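This report concerns only the one structure given below.
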There are 2 protein chains.
Amino acid sequence: MTEGPTINTIARRAGVSIASVSRVLNGLPTREETVRRVLSAAEELGYVPNSVARSLKNRRTNQVAFAMADIGNPVYLAMVREIQPVLRAAGYRLLLHSTDADVADELDVLRGLGERYVDGLIMSPLRVTDEHLRALAAARAPVVVIGSVPEETGVDNVRADSRTGVRLALDHLYGLGRRRIAFVNGPPDTVPGAARAAAYREALDALGLPYDENLVEVGDFYRAEGATAVRALLDRAADVDALMCANDLIALGALDVLRRAGRRVPEDVAVVGMDDTYLAGVAWPALTSVSLGSERRGRAAAELLLDRLENGQRQARVVTVEPRLAVRASTAGVRDGTDDVPGAGEGTEGEESP
Amino acid sequence: MTEGPTINTIARRAGVSIASVSRVLNGLPTREETVRRVLSAAEELGYVPNSVARSLKNRRTNQVAFAMADIGNPVYLAMVREIQPVLRAAGYRLLLHSTDADVADELDVLRGLGERYVDGLIMSPLRVTDEHLRALAAARAPVVVIGSVPEETGVDNVRADSRTGVRLALDHLYGLGRRRIAFVNGPPDTVPGAARAAAYREALDALGLPYDENLVEVGDFYRAEGATAVRALLDRAADVDALMCANDLIALGALDVLRRAGRRVPEDVAVVGMDDTYLAGVAWPALTSVSLGSERRGRAAAELLLDRLENGQRQARVVTVEPRLAVRASTAGVRDGTDDVPGAGEGTEGEESP
DNA sequence: ATCCCACCCGTAAACGTTTACAGACACGGT
DNA sequence: ACCGTGTCTGTAAACGTTTACGGGTGGGAT
């Protein structure tokens with residue numbers, strides 16, 4: 001932990017100027033002899049360039065941040081797992097911010113861009129307030145938002161398509177003969193909550209099914225709240241034959257409650273989750289789930305950001321990822337849960353640890 | 001995205017020197033009047049200090065990195081979730097490295113410390129080679145290793161206690177009357193693989209049970225490999241009445257296979273996982289699992305590192321975290337899976353996303 | 001009036017790089 | 001012998017901070 005060698009140390013040892021050292025280390029044309037001297041001096045001293053000094057001069061840090069509510073959520077996790085390798089391949093390090101969906105925290109992150117500790121930011125806010133939009137407009141570095149943001153904001157934007165997603169699920173359930181399809185949502189003041197609620201109504205309309213508010217329950221995007229909501233739902237509308245859950249965690253809670261209530265899945269009640277996280281494959285019965293393409297969204301966001309970092313003046317772009325329905329035992333009546341790997345071939349599954 | 005104001009801009013606008021600006025912004029004693037002028041100039045200009053320049057001068061970045069094999073693994077995830085808030089509270093940002101357990105990558109990270117882009121590193125290598133030890137000794141910044149490393153290395157070290165952990169599990173199974181307790185391990189050349197293999201033998205000895213190599217299967221720390229291993233095991237030793245799995249992912253694979261094979265869990269075969277990740281609560285039946293305290297280890301590592309950052313010359317410390325057994329349906333015959341929340345009260349469960 | 005001291009503040013150097021610029025030198029052509 | 005050209009390298013400034021040092025000012029004590 002002694003003070004490391006700098007370009008100066010090398011220059012002295014090699015008997016050249018620091019400019020020459022820098023040139024050699026950056027591969028600029030230099031006389032053979034000088035190159036040798038510098039390289040061997042650097043080698044002997046175990047020189048490693050100081051990235052902070054380099055960043056100061058170059059005005060780029062080769063760091064990018066990803067800000068999301070909570071990395072414990074499998075959706076964000078899936079994104080990180082895609083974002084990381086893309087950035088890494090391009091020579092960027094990844095910084096993580098967990099904001100707990102706290103608006104003030106998110107704004108802090110945005111303002112923090114002024115500190116220039118990263119070259120860009122990928123952010124996936126649960127709620128998008130006016131303050132967010134203002135902060136985005138004032139951001140001192142390129143930002144890519146995962147989640148819908150008005151076009152005028154002029155920010156690169158990666159979107160899911162809950163509308164089509166919910167539609168896929170309801171069509172599927174309808175095709176299975178289900179007519180009392182309930183909807184268990186998270187907070188409707190969140191971006192995904194609002195989108196999915198609207199999508200549910202629309203899909204019912206399209207199928208010619210009536211909207212019955214007894215079939216709608218609002219909770220939060222967690223397992224425990226999902227369970228609570230489904231309990232209430234069963235009390236209120238005993239004849240439900242299908243549950244559309246606004247994410248996989250809610251669906252997991254639903255499975256627990258249904259099991260306890262003695263309802264068979266899928267025979268009595270079919271269950272569909274959303275996000276198609278790897279939890280869908282772990283659950284039993286394995287969960288049919290609408291993939292909103294977290295992996296693809298993560299990758300797209302990373303690529304948009306990289307592109308923007310090379311071409312700052314480009315017009316803002318909006319990428320929308322197509323949803324897919326992954327059918328598994330919780331609706332299909334297949335015997336067990338290993339038929340389809342969740343994440344739709346985008347590679348999940350964890351590795352071990354000490 | 002215009003070039004932001006610097007301390008110079010403020011100095012000019014406030015009619016003072018940059019030294020005064022710096023002093024004011026750092027809260028050093030300054031005349032009332034000057035303070036006002038500087039602050040209001042800074043305010044008007046929307047000044048944000050450049051953290052790169054500051055880092056260069058101060059020789060600290062307020063960043064810390066965490067390097068692990070794969071953040072998709074629930075164990076590392078649990079660690080990140082604990083590490084992040086601890087660091088954040090101390091004013092550090094968190095940088096993530098996924099190394100895929102690649103030794104070369106891990107060494108790169110260690111050497112990269114010379115670039116000074118972080119003040120310290122928490123690292124959880126799956127394998128610890130001699131090269132690791134050399135690189136650790138030569139590291140240019142404080143490192144905390146999660147996973148066992150020889151004392152002489154002189155590195156802060158947080159350890160799990162697989163030995164006691166496996167012992168707890170086997171005692172539990174023995175107490176339930178199980179005598180044909182198989183062991184499904186991951187690669188024995190990894191730190192946890194080796195430790196758990198040894199622990200299994202020891203625990204058998206202590207219980208007076210014979211070591212039967214037909215009851216031992218080696219695969220990898222994933223679900224699919226766990227499944228394969230258990231299939232082989234059932235073929236070879238049809239009379240197993242309990243499975244000790246070296247981690248939760250293996251155990252999930254085991255549950256699948258047992259279900260397909262028509263073996264009831266826990267009546268016919270009891271299953272114990274390891275790490276007590278939140279997957280244990282998602283599985284059905286809910287998985288009894290040995291907690292090796294990923295959360296506590298993560299927190300301990302973060303605290304050790306912070307302490308070391310304040311007190312560089314302190315003697316290296318070793319922290320060992322006590323294992324705990326979380327008993328659930330896969331051994332206890334409890335009817336459903338929501339009795340005990342995994343992570344032993346250390347707070348898991350994800351949140352939702354767009 | 002002189003001296004001293006306290007208090008503020010500005011100048012300048014430093015952190016470790018990159019890079020514009022110009023000087024030194026060799027060489028070939030006239 | 002001179003000039004031009006080209007190649008290589010060193011000097012110095014710059015990136016945006018922090019901070020040691022010393023100078024200026026004003027007030028109180030003598």
Side-chain angles (χ1 to χ4, degrees), chain A residues 2-39 41-42 45-63 91 112-119 140-141, chain B residues 2-39 41-42 45-63 91 112-119 140-141:
Chain A
T2 61
E3 290 309 323
T6 75
I7 221 180
N8 271 289
T9 332
I10 300 189
R12 242 170 301 136
R13 152 98 64 148
V16 299
S17 76
I18 61 168
S20 288
V21 175
S22 177
R23 276 188 290 256
V24 170
L25 295 176
N26 290 306
L28 298 180
T30 315
R31 189 167 49 126
E32 178 67 19
E33 160 73 3
T34 313
V35 172
R36 257 205 317 281
R37 302 247 299 275
V38 168
L39 289 184
L45 293 167
Y47 170 77
V48 182
N50 181 311
S51 63
V52 176
R54 185 173 277 181
S55 293
L56 180 58
K57 187 82 239 247
N58 293 343
R59 295 148 156 262
R60 54 205 321 272
T61 58
N62 292 308
Q63 297 188 156
L113 292 178
E115 291 180 34
R116 312 253 108 154
Y117 64 96
V118 285
D119 298 334
R140 290 267 173 75
Chain B
T2 62
E3 290 310 322
T6 74
I7 222 182
N8 272 289
T9 331
I10 300 189
R12 243 171 300 138
R13 151 99 63 147
V16 299
S17 75
I18 61 168
S20 288
V21 176
S22 176
R23 276 188 290 257
V24 169
L25 294 176
N26 291 306
L28 298 179
T30 315
R31 189 167 47 126
E32 178 68 19
E33 160 73 1
T34 313
V35 172
R36 257 204 317 280
R37 304 246 299 276
V38 169
L39 289 184
L45 293 167
Y47 171 77
V48 182
N50 180 309
S51 62
V52 176
R54 186 174 274 179
S55 292
L56 180 59
K57 186 84 240 244
N58 293 343
R59 293 148 159 264
R60 53 206 320 275
T61 58
N62 292 308
Q63 296 186 156
L113 293 177
E115 290 180 33
R116 313 250 108 152
Y117 64 97
V118 286
D119 298 335
R140 289 267 173 75

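Here the structure is a predicted model, which means the values were calculated and not measured. First the proteins, then the strands, lettered A, B, ... as listed; each starts at 1.
Contact between A/Arg140 and B/Gly46 at its shortest, heavy atoms only, is NH2-O, 3.5 Å. For the pair B/Asp119 and B/Ala141, the tightest heavy-atom approach, listed with the atom from each and the gap, is O-CB, 3.7 Å. B/Val52 and A/Ser55 get closest at one heavy-atom pair: CG1-CB, 3.7 Å. Residues B/Val35 and B/Val24 come closest through the heavy atom pair CA-CG2, 4.0 Å. A/Ala41 and A/Ala14 get closest at one heavy-atom pair: CB-CB, 4.0 Å. Nearest approach of A/Tyr117 to A/Gly112, heavy atoms of both residues: CE2-O, 3.3 Å.
Across all strands, A/Val52 comes closer than 4.0 Å to no nucleic acid atom at all (heavy-atom distances). As judged by a 4.0 angstrom heavy-atom cut-off over every strand, A/Ser55 is placed among residues making no nucleic acid contact.
Atom CZ in B/Arg36 sits about 14 Å away from atom P in C/dC8, given to the nearest Å. Rounded to whole Å, the distance from CZ on B/Arg31 to C1' on C/dA6 is 14 Å. Taking atom CZ on A/Arg37 and atom C1' on D/dC8, their separation rounds to 13 Å, with Å as the unit.
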If you restrict it to nitrogen or oxygen atoms, what contacts under 3.5 Å exist between nucleotides 17-19 of chain D and the protein, and what is each distance?
{"unit_1": "D/dT17", "atom_1": "OP1", "unit_2": "B/Tyr47", "atom_2": "OH", "d": "2.8"}
{"unit_1": "D/dT17", "atom_1": "OP1", "unit_2": "B/Asn50", "atom_2": "N", "d": "3.2"}
{"unit_1": "D/dT17", "atom_1": "OP2", "unit_2": "B/Ile7", "atom_2": "N", "d": "2.8"}
{"unit_1": "D/dT17", "atom_1": "O5'", "unit_2": "B/Tyr47", "atom_2": "OH", "d": "3.2"}
{"unit_1": "D/dT18", "atom_1": "OP1", "unit_2": "B/Asn26", "atom_2": "ND2", "d": "3.3"}
{"unit_1": "D/dT18", "atom_1": "OP1", "unit_2": "B/Arg54", "atom_2": "NE", "d": "3.1"}
{"unit_1": "D/dT18", "atom_1": "OP1", "unit_2": "B/Arg54", "atom_2": "NH2", "d": "3.4"}
{"unit_1": "D/dT18", "atom_1": "OP2", "unit_2": "B/Ser22", "atom_2": "OG", "d": "2.6"}
{"unit_1": "D/dT18", "atom_1": "OP2", "unit_2": "B/Asn26", "atom_2": "ND2", "d": "3.2"}
{"unit_1": "D/dT18", "atom_1": "O2", "unit_2": "B/Lys57", "atom_2": "NZ", "d": "3.2"}

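Taking the side chain as every heavy atom from C-beta outward, B/Tyr47 and B/Leu25 approach each other to under 4.5 Å. Here the side chains of A/Thr6 and A/Asn50 are not in contact, with every heavy-atom distance at 4.5 Å or above.
Axis angle between the ends of the helix from C/dA1-D/dT30 to C/dT30-D/dA1, five pairs each and rounded to 10 degrees, works out to 70°.
The phosphate of D/dC8 has neither OP1 nor OP2 within less than 4.0 Å of any side-chain N or O from A/Thr34.
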